[in-house]
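The basis for the numbers below is simple: all heavy atoms, side chains too, and nothing from hydrogens, waters or symmetry mates.
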Amino acid sequence: DEGGTITVTASGTGSDIKTGVNGKGIYAQNSDITLTGNYIIETPEKGIGIFASKNTNVTGTLEYKYNGSTTGTGMGIIYDQLGVASHTNNANVKLTNTTNTTGGMIGVYTTAGTGNTLTNNGDITGSSTALEFGIVSDGADIINKGNITLGNAALQENANVGIYAKTKNTITNDGKITVGDNAIGIYGYNINNNTGSIKAGDNGVAIYTQGDGTVNLNANSKITVGKDQAVGVYAVGANQHINVNAGSSMTIGDNSFGVVNLGAGNTVTSNTANPVTLGTDAVYVYQNDNKGTVINHTPLTSTGDRNYGL
C-alpha cells in the first residue's frame with residue numbers, strides 16, 4: 001500500500017488524544033507521521049500511543065501517558081516491521097506513568113523477522129519504579145544512537161531496562177544509556193558497546209548477557225556502575241566470550257563488580273590498557289565457572305581496602 005502523511009500538532013493544554021482500553025492513538029501503514037510540539041497520547045490498560053505498520057516513519061516528540069490500573073501495561077510506539085529489512089525510529093518518547101503502574105511500560109517496541117534491524121535515533125525517558133523499558137525487540141537487531149534514561153527500580157527482580165532483546169539478536173550501543181538503582185542498561189545475548197556509554201546505579205547491572213552471546217566492550221566504550229553489588233557485565237550463559245577490548249573503560253563503585261561470570265565454559269578477556277580503579281570491597285572479575293577462563297592484561301589500582309582484582 002502506498003500510504004500517506006499524517007501531521008499532528010500538540011494543543012499545549014493536556015492530552016491531544018485519549019483512548020479506552022486496548023486503544024491506539026494513531027495507526028498508520030506505509031506512512032509518514034510527524035508530531036509537532038510535545039504531542040500527548042493518553043491510554044489506560046493495553047494501550048498503544050502509535051502503531052506504525054510496515055514502512056511507517058515517526059518523527060517529533062511523543063509523550064505517552066498511561067492512566068490505567070496500577071498493574072496494567074502500555075506502550076509508546078510499536079514498529080511492526082515484518083517484511084521491512086531495516087527501519088529507523090526518529091521520534092523522542094517520554095513515558096509518563098500517572099497511576100504508578102508496576103505492570104510495565106515500553107517506549108519503543110519492534111516486531112521483525114530474522115535479520116531485520118531497528119536503529120534508534122530518538123531520546124527515550126521514563127521514571128517508573130518497576131518494569132519500564134526503553135526499547136524492546138522481538139526479532140530485530142537493535143542499533144542505539146540515542147539517549148535512553150530510566151529511573152530507579154524499587155526491586156531488581158522488577159528492574160527497569162534500557163534495551164531488552166526477547167530473542168537472540170544483536171544489540172549495538174553507540175548512544176548513551178543511563179538507568180537508576182536496581183536497573184539494567186542492556187539485557188540480551190550478543191551485545192556490542194562501541195562508542196556508547198552505559199551507566200547503572202546502585203545494585204544495578206550495565207549489561208546482562210545470556211545464551212551463547214558475545215559481549216564486546218570496544219574502543220571508547222564506557223561502563224559505569226554504582227555501589228552495593230552493582231555489576232558492569234553479568235554473564236549467565238554457556239560458551240560465551242566477554243571481551244573488554246583496547247580503549248574501553250570501566251568505573252566500579254564500592255562493594256561492586258566489573259565482570260561477573262556465572263555461566264559454563266565462558267571466556268573473559270580484558271585487553272584494555274585503561275586502568276581500572278577499585279575503591280573498597282570491589283572486584284574486577286569474579287568467576288564461578290569451573291570450566292571458564294579469565295585472561296587479564298588490564299592494570300588494576302586499589303585505593304581502598306578489601307578489594308580483589310580477579
Pairing of K227 and D254 as salt bridge, 4.0 angstrom limit: no
So Y208 and Y234, would you call those rings parallel, tilted or perpendicular, with 30° and 60° as cut-offs? parallel
[X] versus [Y]: any side-chain heavy-atom pair under 4.5 Å?
{"X": "V276", "Y": "I252", "answer": "yes"}
{"X": "V8", "Y": "L35", "answer": "yes"}
{"X": "N100", "Y": "T102", "answer": "no"}
{"X": "V108", "Y": "I124", "answer": "yes"}
{"X": "N89", "Y": "N121", "answer": "no"}
{"X": "V205", "Y": "I207", "answer": "no"}
{"X": "I41", "Y": "K24", "answer": "no"}
{"X": "V136", "Y": "D138", "answer": "no"}

Which distance, rounded to the nearest 0.5 Å, do you find between the [atom1] of [X] and the [atom2] of [Y]?
{"X": "I50", "Y": "I26", "atom1": "CD1", "atom2": "CD1", "answer": "4.5 Å"}
{"X": "T101", "Y": "L131", "atom1": "OG1", "atom2": "CG", "answer": "8.5 Å"}
{"X": "I223", "Y": "S249", "atom1": "CD1", "atom2": "OG", "answer": "8.0 Å"}
{"X": "Q29", "Y": "K54", "atom1": "CD", "atom2": "NZ", "answer": "4.5 Å"}
{"X": "F257", "Y": "D281", "atom1": "CZ", "atom2": "CG", "answer": "9.0 Å"}
{"X": "K199", "Y": "T251", "atom1": "NZ", "atom2": "OG1", "answer": "9.5 Å"}

Chi angles and distances behind the side-chain hydrogen bond (donor to acceptor under 3.5 Å, both in side chains) call for S270, T298: CA-CA 6 Å; S270 185; T298 297; 2.5 Å; yes
Please lay out, stage by stage, how T56 and Y79 fare under the test side-chain hydrogen bond (donor to acceptor under 3.5 Å, both in side chains). CA-CA 8 Å; T56 294; Y79 288 102; over 6 Å; no
Check whether more than 12 heavy atoms from other residues, nucleotides or ligands sit under 6.0 Å from atom NZ of K94, and answer yes or no. no
Are [Y] and [X] connected in a single hydrophobic cluster, I mean Ile/Leu/Val/Met/Phe/Trp/Tyr linked by side-chain heavy atoms less than 4.5 Å apart?
{"X": "M75", "Y": "L82", "value": "no"}
{"X": "V294", "Y": "L300", "value": "yes"}
{"X": "M105", "Y": "I40", "value": "no"}
{"X": "Y164", "Y": "I78", "value": "yes"}
{"X": "V231", "Y": "L262", "value": "yes"}

Evaluation steps, side-chain hydrogen bond (donor to acceptor under 3.5 Å, both in side chains), between Y64 and T43: CA-CA 8 Å; Y64 172 70; T43 83; 2.5 Å; yes
Could you tell me whether the side chain of [X] and the main chain of [Y] form a donor-acceptor pair under 3.5 Å?
{"X": "D174", "Y": "T195", "answer": "yes"}
{"X": "D202", "Y": "N182", "answer": "no"}
{"X": "N190", "Y": "T214", "answer": "yes"}
{"X": "N216", "Y": "N218", "answer": "no"}
{"X": "N266", "Y": "H241", "answer": "no"}
{"X": "T170", "Y": "D141", "answer": "no"}
{"X": "D181", "Y": "N152", "answer": "no"}
{"X": "N243", "Y": "N245", "answer": "no"}
{"X": "N261", "Y": "G263", "answer": "yes"}
{"X": "T99", "Y": "G68", "answer": "yes"}

Got a sec, which pairs hit salt bridge (charged side-chain N to carboxylate O under 4.0 Å, His left out) with one end in residues 98-126, sequence neighbours left out? none
Tell me, please, whether Y189 has K168 positioned over its six-membered ring: NZ or CZ under 6.0 Å from the ring centre and within 45 degrees of its axis? no
I would like to know whether I148 and T178 meet side-chain contact (heavy atoms from CB on, under 4.5 Å); could you show each step before the answer? CA-CA 6 Å; I148 299 173; T178 303; over 6 Å; no
Heavy-atom closest contact ([X] atom, [Y] atom, distance):
{"X": "I77", "Y": "A91", "answer": "CD1-CB, 3.9 Å"}
{"X": "A282", "Y": "G279", "answer": "CB-N, 4.3 Å"}
{"X": "A183", "Y": "A200", "answer": "O-CB, 4.2 Å"}
{"X": "S31", "Y": "G3", "answer": "OG-CA, 3.7 Å"}
{"X": "P299", "Y": "T272", "answer": "CD-O, 3.9 Å"}
{"X": "Q81", "Y": "N116", "answer": "O-ND2, 3.3 Å"}

Take T59 and N90 through the test side-chain hydrogen bond (donor to acceptor under 3.5 Å, both in side chains) and record every step on the way to the result. CA-CA 5 Å; T59 58; N90 288 310; over 6 Å; no
Derivation and outcome, side-chain contact (heavy atoms from CB on, under 4.5 Å), residues N173 and I186: CA-CA 9 Å; N173 181 44; I186 297 177; 4.1 Å; yes
Exercise: do [X] and [Y] side chains pair donor with acceptor under 3.5 Å:
{"X": "Q240", "Y": "D212", "value": "no"}
{"X": "D80", "Y": "T111", "value": "yes"}
{"X": "N193", "Y": "S221", "value": "yes"}
{"X": "N55", "Y": "N30", "value": "no"}
{"X": "N203", "Y": "Q229", "value": "no"}
{"X": "D16", "Y": "S11", "value": "yes"}
{"X": "Y66", "Y": "S128", "value": "no"}

List the steps and the verdict of side-chain contact (heavy atoms from CB on, under 4.5 Å) for K145 and T119. CA-CA 7 Å; K145 297 182 179 181; T119 299; 4.3 Å; yes
Mind running side-chain contact (heavy atoms from CB on, under 4.5 Å) on N144 and I163 for me, showing each step along the way? CA-CA 9 Å; N144 178 54; I163 303 176; 3.7 Å; yes
